[in-house]
Amino acid sequence: MRPLVVASLPVSGKDDLRLVSEIEADLVELRLDYMKTLDVTPMELANLKEKVIVTIRDPEEGGIHDVDGSAKAEFLRELASLGVLYDVEARFLHKFQVPYVGKIVSAHYFTRLPSREEVDNMFRRYREALSVKVAVSPIPGYRELLAYLSLKDNATIMPMVDNPLERVAFTLLGSKMVYGYVKEPTAKGQLHYSTLVRILDFLFNLR
Ligand SMILES: O=C1C[C@@](O)(C(=O)O)C[C@@H](O)[C@@H]1O
């Protein structure tokens with residue numbers, strides 16, 4: 001199955017939302033944590049729900065601005081009621097009751113690698129998510145872990161490394177989604193989303 005190309009868009013202000021219609025990717029990730037204050041409403045985002053993933057990334061998992069946990073939980077619950085897809089950290093779900101069925105449950109590891117038991121438990125617990133996403137920094141053993149995760153049906157995996165070819169390689173090993181940038185990378189090693197589209201269109205349309 002062809003991986004979905006997600007164009008990751010930093011949203012500093014409402015004007016950035018106008019870019020969504022111009023982006024020819026499968027999905028557009030709206031990184032709302034780039035806003036100094038969360039001055040967009042779930043209803044405004046509902047107008048884009050066919051094409052977007054809403055992400056309010058926690059600072060300890062690579063987010064830019066901190067958002068109060070209770071306010072984030074309420075915002076996500078309202079998005080869920082409006083049928084808007086979002087990304088929520090597994091760690092956040094341990095602290096706040098937020099719907100995760102059909103959503104993206106994510107985990108980002110910058111300083112340590114999770115054990116196989118830890119990731120198995122996460123995939124089991126959130127098996128009804130649209131995808132369970134694991135991003136890892138180049139910590140010794142990271143490639144073996146990503147290769148292990150690539151065997152899981154519902155996995156989105158990525159190495160957060162400078163070499164974009166490693167991202168593409170693990171995408172082809174079995175990641176459900178692959179993230180690219182629009183204006184500026186939102187993580188190390190991202191290619192522009194249009195490059196990812198060209199690569200995957202070529203590889204998945206080979207006769
Ligand atoms: O979780 C992810 C994956 C990511 O961190 C990456 O490594 O491409 C980029 C983020 O914007 C996104 O929310």
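Worth saying up front: this structure is predicted, and the values here are computed from it rather than measured. As the structure lists them, so they are numbered: ligands from 1, and atoms in each ligand from 1.
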Enquirer: Judging by distance only, is a nitrogen or oxygen of Y179 under 3.5 angstrom from one on ligand 1?
Expert: no
Enquirer: Who's the nearest protein heavy-atom neighbour of atom 1 (O) of ligand 1, and how far?
Expert: H108 NE2, 2.6 Å
Enquirer: Provide the number and element of each atom of ligand 1 under 4.0 Å from a heavy atom of M160.
Expert: 7 (O)
Enquirer: Parallel, tilted or perpendicular, judged at 30° and 60°: which one describes the rings of H94 and Y126?
Expert: parallel
Enquirer: Relative to ligand 1, is S106 under 4.0 angstrom through side chain, backbone, both or neither, heavy atoms considered?
Expert: neither
Enquirer: In the protein, which heavy atom is nearest to atom 2 (C) of ligand 1, and how far is it?
Expert: K133 NZ, 3.1 Å
Enquirer: Within 45° of the ring axis of Y109 and under 6.0 Å from its six-membered ring centre, is that where the NZ or CZ of R91 lies?
Expert: yes
Enquirer: Output a table of donor-acceptor pairs, distance under 3.5 Å, between side-chain atoms of residues 41-49 and any protein atom two or more places apart or on a different chain; print 'none' if there are none.
Expert:
unit_1 : atom_1 : unit_2 : atom_2 : d
T41    : OG1    : E44    : N      : 3.1
T41    : OG1    : E44    : OE1    : 3.3
E44    : OE1    : T41    : N      : 2.7
E44    : OE2    : K14    : NZ     : 2.9
K49    : NZ     : L82    : O      : 3.0

Enquirer: I need the atoms of ligand 1 closer than 4.0 Å to a non-hydrogen atom of S8, numbered in the order shown.
Expert: 11 (O)
Enquirer: What is the nearest protein non-hydrogen atom to atom 12 (C) of ligand 1, stated with its residue, atom name and distance?
Expert: E29 OE2, 3.3 Å
Enquirer: Students should be able to answer this: which protein heavy-atom is nearest to atom 4 (C) of ligand 1, and at what distance?
Expert: A187 CB, 3.9 Å
Enquirer: For residues 71-82, which residue pairs pass the side-chain hydrogen bond (donor to acceptor under 3.5 Å, both in side chains) check, not counting sequence neighbours?
Expert: D58-K72, K72-E89, E74-R77
Enquirer: Could you state the interatomic distance from CG (L93) to CZ (R125), rounded to the nearest 0.5 Å?
Expert: 7.5 Å
Enquirer: Between R57 and D87 (salt bridge meaning N to carboxylate O under 4.0 Å), is one present in this structure?
Expert: yes
Enquirer: Please lay out, stage by stage, how R127 and D153 fare under the test salt bridge (Lys or Arg N to Asp or Glu O under 4.0 Å).
Expert: CA-CA 10 Å; R127 59 187 171 281; D153 288 340; over 6 Å; no
Enquirer: Using a 4.0 Å cutoff against the non-hydrogen atoms of T186, which atoms of ligand 1 qualify?
Expert: 9 (C), 10 (C), 11 (O)
Enquirer: Going by heavy-atom distance to atom 8 (O) of ligand 1, choose the closest among M158, Q190, K188.
Expert: Q190
Enquirer: If you round to the nearest 0.5 Å, how far is CG of L145 from CD1 of I139?
Expert: 9.5 Å
Enquirer: Closest by any non-hydrogen atom to atom 6 (C) of ligand 1: pick that one out of R31, R167, M177.
Expert: R167
